[in-house]
Amino acid sequence: MNYLLIKYIHVLCVILSFSLFILRLRWSFVNASMLEKRWVKVIPHMIDTALLFSAISLVIAGSWALVDHPWILMKIAALLLYIILGSFALKRAKTLSSKITFSALSVAVFAYIVSIANAKEPLWFLM
């Protein structure tokens, strides 16, 4: 498959995934019944699966050896942190202040992941 097409699919999945995360986060703050809808529980997983598949396809299409491209490993590590923080923000935080904290940290880590993708350098801010 064409590298550029895979990249566009990946970027679209990133936008959809983050947009749904923000929407679900908003609903979690207002105790919206929307969080219980079946599509709200299924669609994010479908999009995230496509996101992961497109990420793997990009690594393969770009012939990037992970040991030669530390920014990819840092994106993976940051993604795991984002997932954990997002899980706390959406489901596990018990108090409003912890929910706000986990939400802010999730968004900050997401921004860091995007910045790594653009800079292709895990510590771009130190350069």
Side-chain angles (χ1 to χ4, degrees):
M1 190 180 277
N2 182 318
Y3 175 84
L4 201 53
L5 177 60
I6 298 169
K7 182 177 177 180
Y8 288 144
I9 291 169
H10 184 70
V11 170
L12 176 63
C13 288
V14 167
I15 292 166
L16 290 173
S17 179
F18 187 68
S19 297
L20 275 174
F21 172 71
I22 294 298
L23 182 61
R24 290 166 50 215
L25 201 56
R26 181 189 177 285
W27 287 336
S28 75
F29 274 102
V30 296
N31 292 322
S33 62
M34 287 300 293
L35 286 171
E36 299 305 316
K37 302 282 186 189
R38 182 163 169 76
W39 74 267
V40 174
K41 294 180 179 188
V42 173
I43 296 295
H45 295 294
M46 293 173 63
I47 293 169
D48 291 344
T49 299
L51 178 61
L52 179 60
F53 181 75
S54 64
I56 292 168
S57 298
L58 281 173
V59 170
I60 292 168
S63 300
W64 296 326
L66 296 181
V67 294
D68 296 332
H69 299 281
W71 63 274
I72 296 173
L73 293 174
M74 186 58 91
K75 274 184 67 174
I76 293 168
L79 176 62
L80 293 174
L81 180 59
Y82 170 71
I83 290 167
I84 292 166
L85 292 170
S87 174
F88 275 89
L90 287 170
K91 299 175 187 169
R92 291 173 176 72
K94 301 298 180 205
T95 65
L96 180 60
S97 63
S98 64
K99 186 182 238 359
I100 291 169
T101 300
F102 285 118
S103 298
L105 289 171
S106 297
V107 172
V109 171
F110 176 82
Y112 175 65
I113 293 169
V114 171
S115 73
I116 293 172
N118 288 326
K120 306 282 190 277
E121 179 63 46
L123 301 175
W124 59 268
F125 50 88
L126 297 177
M127 301 179 97

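The cluster map of Ile, Leu, Val, Met, Phe, Trp and Tyr, joined by side-chain heavy atoms under 4.5 Å apart, puts I9 and L52 in different clusters. Placement of L12 and L4 in two distinct hydrophobic clusters is found when ILVMFWY residues are connected by side-chain heavy-atom separations under 4.5 Å, directly or transitively. Linking Ile, Leu, Val, Met, Phe, Trp and Tyr residues whenever their side-chain heavy atoms come within less than 4.5 Å leaves V30 and L35 in two separate clusters. In the hydrophobic clustering of this structure, V14 does not group with I47; members are Ile, Leu, Val, Met, Phe, Trp, Tyr whose side-chain heavy atoms approach within less than 4.5 Å, directly or through other members. Following chains of ILVMFWY side-chain contacts shorter than 4.5 Å, one cannot reach L25 starting from L20, and the two form parts of different hydrophobic clusters.
By the neighbour-count criterion of 12 heavy atoms within 6.0 Å, atom OH of Y3 is densely surrounded, having more than that number from other residues, nucleotides or ligands. Taking a 6.0 Å sphere around CZ of F29, one finds it holds more than 12 heavy atoms contributed by other residues, nucleotides or ligands. Around CE of M34, the count of heavy atoms belonging to other residues, nucleotides or ligands within 6.0 Å exceeds 12. Heavy-atom contacts from other residues, nucleotides or ligands closer than 6.0 Å to NZ of K120 number more than 12.
The structure places CD1 of I83 at 9.5 Å from OG of S87, a figure rounded to the nearest 0.5 Å. One finds the CG atom of N118 at 12.5 Å from the CD1 atom of I113 (value rounded to the nearest 0.5 Å). Atom CD1 of I43 sits about 11.5 Å away from atom CZ of R24, to the nearest 0.5 Å. We find the CE-CG distance between M46 and L16 to be 11.5 Å, quoted to the nearest 0.5 Å.
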- Task: Report the C-alpha distance between L23 and S19 in whole Å, list the side-chain angles of each, state the deciding distance to 0.1 Å, and finish with yes or no for side-chain contact (heavy atoms from CB on, under 4.5 Å).
- Result: CA-CA 6 Å; L23 182 61; S19 297; over 6 Å; no

- side-chain contact (heavy atoms from CB on, under 4.5 Å) between K7 and L58, worked out: CA-CA 7 Å; K7 182 177 177 180; L58 281 173; 4.0 Å; yes

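L51 is listed as a side-chain neighbour of H10, based on a closest heavy-atom distance under 4.5 Å. For the pair F53/T49, no side-chain contact is recorded, criterion being any heavy-atom separation below 4.5 Å from C-beta on.
Among the candidates V40, I22, L90, the single residue satisfying the side chain to side chain contact (heavy atoms under 4.5 Å, CB included) test with W27 is V40. Test F88, Y112, F21 against Y82 for ring pair (Phe, Tyr, Trp, His ring centres under 6.0 Å) and you get one pass: F21.
Cluster partners of L80 are absent, since no Ile, Leu, Val, Met, Phe, Trp or Tyr has side-chain heavy atoms less than 4.5 Å from it.
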Sequence neighbours excluded and cut-off under 3.5 Å, please list the side-chain donor-acceptor pairs for residues 60-75, or say none.
residue	atom	partner	partner atom	Å
W64	NE1	G62	O	3.4

Could you pull out all donor-acceptor pairs under 3.5 Å where a side-chain atom in residues 95-109 meets a protein atom, sequence neighbours excluded?
residue	atom	partner	partner atom	Å
T95	OG1	S97	OG	3.4
T95	OG1	S98	N	3.2
T95	OG1	S98	OG	2.9
S98	OG	T95	N	3.2
S98	OG	T95	O	2.9
K99	NZ	S28	OG	3.4
K99	NZ	A89	O	2.7
T101	OG1	S97	O	2.8
S103	OG	K99	O	2.7
S106	OG	L85	O	3.4
S106	OG	G86	N	3.2
S106	OG	F102	O	2.8

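I6 and S54 make their closest contact through CG2-O, 3.5 Å (heavy atoms, listed as atom of the first residue, atom of the second, distance).
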